[in-house]
Amino acid sequence: MCGILGLLLADEDAHVNQMLFDGLTVLQHRGQDAAGIVTSEHGRLHLRKDNGLVKDVFQTHHMIDLRGNFGLGHVRYPTAGSSSCAEAQPLYTNYPHGVCVAHNGNLTNAADLADYCRNELGRHINTDSDSEVLLNIFADSLIKGENKGSDMVENIFSAVEKVMSLCKGGYAGMYLINGIALVGFRDPHGIRPIVMGTRKSSTVDGKSDYIFASESVAIDTLGFGLVRDVEPAEAIVITMDGQVHTRRCLPEDKISLTPCIFEHVYFARPDSIMDGISVYESRLKMGEKLAYQIIEKYPDHDIDVVIPIPDTSRTSAVQAAYILGRPYREGFIKNRYIARTFIMPGQETRRKSVRLKLNTIKSEFAGRNVLLVDDSVVRGTTATEIIQMARDAGANKVYMTSAAPPIRYPNIYGIDIPTRHELVAYERNDEEIAEKLGCDWIVYQRLNDLEDSVNEAAERSDQSYETSCFSGTYVTGESINDEYFAKLHDLRNDDAKLKQLESTGAAQAAKAGMPPGSHDGCENLQNDRRGAARA
């Protein structure tokens with residue numbers, strides 16, 4: 001899961017650098033592995049990207065260089081490829097025009113498409129990133145359309161059509177075509193989110209500024225108005241003169257809106273609106289339905305207090321406490337400078353980080369029967385530590401609830417749930433899970449209740465969702481027994497990730513006592529020295 005942002009300002013002398021920085025900071029919860037910004041200034045591209053948080057990657061001298069009224073931003077949470085800074089986005093190819101991509105999601109046929117790019121298109125693929133595949137297929141199609149002398153906007157739509165006809169998986173993204181257009185697009189199932197916003201230009205009469213973002217919260221924060229979500233299989237092309245062109249790029253029979261429900265459970269900020277649905281309202285409904293299920297299963301429960309595991313579960317916990325008629329209390333204090341543990345590679349790393357991330361207020365636990373509310377339980381490492389912390393703080397009994405159903409299957413659309421064997425719910429019932437975690441009992445949300453929670457927040461009843469990590473049903477047609485899942489396990493289980501991390505150049509340099517080779521930014525598009533030569 002990543003965060004993406006694109007801006008096009010009507011004033012050619014304005015600069016998007018600060019807005020991209022601020023917007024990426026707002027989207028930082030979607031990825032803390034790497035960050036990047038590319039801007040276009042009168043036809044010259046400026047790129048800065050590196051591993052790290054937004055505040056660390058972009059220093060003052062970088063921001064000064066990121067000039068221009070047109071740009072893309074990206075924060076990365078790696079699921080495909082590696083954590084190399086070379087795979088940080090945006091990615092760039094110089095021909096035609098200079099094209100950049102920022103992408104959120106995962107292509108399930110990326111390996112085949114990489115071979116297609118090399119063998120059929122004659123294009124060099126330099127990384128394992130599926131975003132590079134998206135970039136090269138689009139660029140190649142754009143070149144072929146221009147060679148036919150077609151209209152540029154038509155060429156762009158044709159190129160996006162080519163991308164969507166070949167690429168399989170869940171994705172949302174943006175293309176920056178230097179000096180020509182900003183393009184937002186979304187996969188045929190609408191699995192990954194992307195929204196569009198606009199505002200009146202403050203310096204150019206009668207013109208508007210435009211924005212694309214993963215979540216509406218970035219649009220709100222930057223002072224734009226939310227227009228709508230990009231539809232499944234839709235491309236929106238905004239040319240440099242501010243003209244907006246839209247098109248569905250596939251036949252209707254290949255399009256269906258099935259957005260990822262895990263966005264509402266965990267990833268999205270509660271103040272975001274996704275596909276017209278308030279994330280906050282959906283989480284309230286999750287807490288409500290969870291409480292009613294507890295009453296159904298344990299009508300004589302002895303819960304004394306309801307405590308959320310911060311931060312995402314707070315909204316659900318508030319409503320659950322209200323329905324149960326028990327006090328809501330903050331029993332854990334979070335250190336906000338520790339990364340989200342679900343994202344961290346390695347069980348031992350996650351286990352240690354929990355104690356650094358959370359500390360208990362012992363008076364809220366001492367002698368009480370505590371109901372802990374979490375948004376989800378994935379591997380169980382974090383939950384086990386938190387339950388033990390509650391007992392260490394003096395809790396009499398510890399009950400566990402999850403606002404999401406049991407996660408028993410890998411996600412292949414951009415969420416790092418790679419292998420069934422690492423999931424605590426794999427081949428275990430609720431009693432066995434409770435024993436494994438060390439709690440007195442556990443109650444999971446029912447899948448139909450989860451879907452109803454989101455639909456009721458939207459005041460509708462017929463919307464379907466991508467729920468593969470709970471149901472094992474993949475909207476793009478994969479089966480859990482496919483060879484793809486075996487390869488995914490080999491590449492992305494914890495042991496493989498740790499081996500990959502240890503084999504990086506940065507790790508080898510650290511062992512040798514050498515500083516990490518970030519080159520102060522991995523890549524710099526100012527390596528085009530034609531201007532310097534003329535000077």
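Starting from 1, each residue takes its place in the sequence as its number.
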| field | Non-hydrogen atoms of Leu450 and Ala403 that approach each other most closely | value | CD1-O, 4.0 Å
| query | Between atom CG of Leu20 and atom CG of Leu7, what is the distance when rounded to the nearest 0.5 Å? | reply | 5.0 Å
I'd like a table of donor-acceptor pairs (distance under 3.5 Å, sequence neighbours excluded) in which one partner is a side-chain atom from residues 432-444, with atom names and distances.
residue, atom, partner, partner atom, Å
Glu432, OE1, Asn429, N, 2.9
Asp440, OD2, Arg391, NH2, 3.0
Asp440, OD2, Val398, N, 2.8

| message | Please check this pair: side chain of Ser272 against backbone of Ala268, looking for a donor-acceptor N/O pair closer than 3.5 Å. | response | no
| request: Please say which of Glu456, Gln445, Gln319 ends up in a side chain to side chain donor-acceptor pair (under 3.5 Å) with Lys289. | output: Glu456
| Does Glu422 come within less than 4.0 Å of Arg379, counting only side-chain N to carboxylate O? | yes
| task | Compare every heavy atom of Lys168 with every heavy atom of Thr476, then report the nearest pair and how far apart it is. | result | O-CE, 3.0 Å
| Beyond-backbone contact of Val454 with Gln463, side-chain heavy atoms, under 4.5 angstrom | no
| message | I'd like to know if the side chain of Asn359 and the backbone of Ile333 have a donor-acceptor N/O pair within less than 3.5 Å. | response | no
| said: Donor-acceptor check, side chain of Arg199 to backbone of Gly225, threshold 3.5 angstrom: yes or no? | reply: no
| Can you tell me if Ser471 uses its side chain to pair, donor with acceptor, with the backbone of Thr473 under 3.5 Å? | yes
| Electrostatic pair Glu281:Lys285 at N-O distance under 4.0 angstrom | no
| query | How long is the gap from OH on Tyr210 to OG1 on Thr198, to the nearest 0.5 Å? | reply | 4.5 Å
| Do Phe332 and Ile386 come close enough that some side-chain heavy atom pair is under 4.5 Å? | yes
| Under 3.5 Å donor-acceptor, His74 side chain and His103 backbone | yes
| salt_bridge(Lys49, Glu87) N-O dist < 4.0 Å | no
| Is it true that Glu296 and Arg446 have a side-chain N and a carboxylate O under 4.0 angstrom from each other? | yes
| field | Side-chain heavy atoms of Asp50 within contact of Phe58, under 4.5 Å | value | no
| task | Establish, from distance only, whether the side-chain atoms of Glu451 and Thr467 form a donor-acceptor pair under 3.5 Å. | result | no
| task | Kindly compute the distance separating OG (Ser402) from CD1 (Ile407), expressed to the nearest 0.5 Å. | result | 7.0 Å
| message | Evaluate Arg192 against Glu466 for salt bridge (Lys or Arg N to Asp or Glu O under 4.0 Å), listing each step before the verdict. | response | CA-CA 10 Å; Arg192 298 270 67 88; Glu466 197 292 303; 5.8 Å; no
| Does a side-chain heavy-atom distance below 4.5 Å link Arg326 with Val305? | no
| said: Is it the case that the side chain of Asn106 and the backbone of Ile412 share a donor-acceptor pair, with hydrogens and angles ignored and the cut-off at 3.5 Å? | reply: yes
| Going by heavy atoms in the side chains, are Leu356 and Asn335 under 4.5 Å from each other? | no
| message | Please give me the minimum heavy-atom distance between Leu91 and Glu132, naming the atom from each residue. | response | CD1-N, 3.5 Å
| field | Centroid-centroid distance, Phe262 to Tyr413, less than 6.0 Å | value | no
| remark: Shortest non-hydrogen pair, Ser282 vs His264, comes out as OG-ND1, 3.2 Å
| Can you check whether Ile255's main-chain N or O pairs, donor with acceptor, with His189's side chain at less than 3.5 Å? | no
| Donor-acceptor contact present, side-chain Gln32 to main-chain Gln28, <3.5 Å | yes
| request: Using a cut-off of 6.0 Å, state whether more than 12 heavy atoms not belonging to Tyr328 lie near its atom OH. | output: yes
| remark: Distance col, row Lys397:NZ vs Ile303:CD1, nearest 0.5 angstrom, shows 10.5 Å
| said: If we check side chain to side chain contact (heavy atoms under 4.5 Å, CB included) with Ser464, which of these qualifies: Val475, Leu257, Thr258, Ile261? | reply: Thr258
| task | Could you grab the distance from atom SG of Cys469 to atom CD1 of Ile415, nearest 0.5 Å is fine? | result | 6.0 Å
| Got a donor-acceptor contact below 3.5 angstrom from the Asp375 side chain to the Val265 backbone? | no
| Exercise: identify the closest heavy-atom pair between Ser316 and Arg283 | OG-O, 2.8 Å
| field | Chi angles and distances behind the side chain to side chain contact (heavy atoms under 4.5 Å, CB included) call for Leu5, Val26 | value | CA-CA 10 Å; Leu5 187 64; Val26 170; over 6 Å; no
| message | With a 6.0 Å cut-off (strictly less than), is the heavy-atom count around OH of Tyr280, excluding the residue itself, greater than 12? | response | no
| said: Contact between Asn104 and Pro193 at the side-chain level, heavy atoms closer than 4.5 Å - yes or no? | reply: yes
| said: Between Ser131 and Gln89, is the side-chain hydrogen bond (donor to acceptor under 3.5 Å, both in side chains) condition met? List the steps. | reply: CA-CA 8 Å; Ser131 305; Gln89 296 182 46; 2.8 Å; yes
| said: Taking the ring of Phe485 and the ring of Tyr474, is the distance between their centroids below 6.0 Å? | reply: yes
| query | Under the salt bridge (Lys or Arg N to Asp or Glu O under 4.0 Å) criterion, do Arg269 and Asp220 qualify, and how do the steps go? | reply | CA-CA 12 Å; Arg269 273 182 40 158; Asp220 298 339; over 6 Å; no
| query | Can you list every salt bridge (Lys or Arg N to Asp or Glu O under 4.0 Å) pair that touches residues 306-320, not counting sequence neighbours? | reply | Asp311-Arg314, Asp311-Lys334, Asp311-Arg336, Arg314-Glu330
| note | Scanning both residues in full, the closest heavy-atom pair of Asn411 with Ser468 reads ND2-OG, 3.9 Å
| query | When you check the gap from the basic side-chain N to the acidic O, do Glu234 and Arg228 get nearer than 4.0 Å? | reply | yes
| task | Taking the side chain as every heavy atom from C-beta outward, state whether Asp33 and Tyr77 have any pair of such atoms under 4.5 Å apart. | result | no
| request: Check step by step if side chain to side chain contact (heavy atoms under 4.5 Å, CB included) holds for Leu72 and Ile4. | output: CA-CA 8 Å; Leu72 302 179; Ile4 55 176; over 6 Å; no
| message | Does this structure show an ion pair linking Asp304 with Arg329, if we count only N-O contacts that are shorter than 4.0 Å? | response | no
| Side chains of Asn51 and Arg76, donor plus acceptor under 3.5 Å | yes
| note | side chain to side chain contact (heavy atoms under 4.5 Å, CB included) test vs Val306 passes for just one of Val373, Thr401, Leu372, Val318, namely Val373
| said: Taking the ring centre of each residue, are Phe267 and His29 less than 6.0 Å apart? | reply: no
| field | Pairwise side-chain contact, Met196 with Asp229, heavy-atom cut-off 4.5 Å (strictly under) | value | no
| said: Please determine whether salt bridge (Lys or Arg N to Asp or Glu O under 4.0 Å) holds for the pair Arg408 and Glu427, giving the CA-CA distance in whole Å, both sets of side-chain angles, and the decisive distance to 0.1 Å. | reply: CA-CA 8 Å; Arg408 293 194 166 101; Glu427 294 187 341; over 6 Å; no
| Side-chain (Asp130) to main-chain (Leu107) donor-acceptor, under 3.5 angstrom | yes
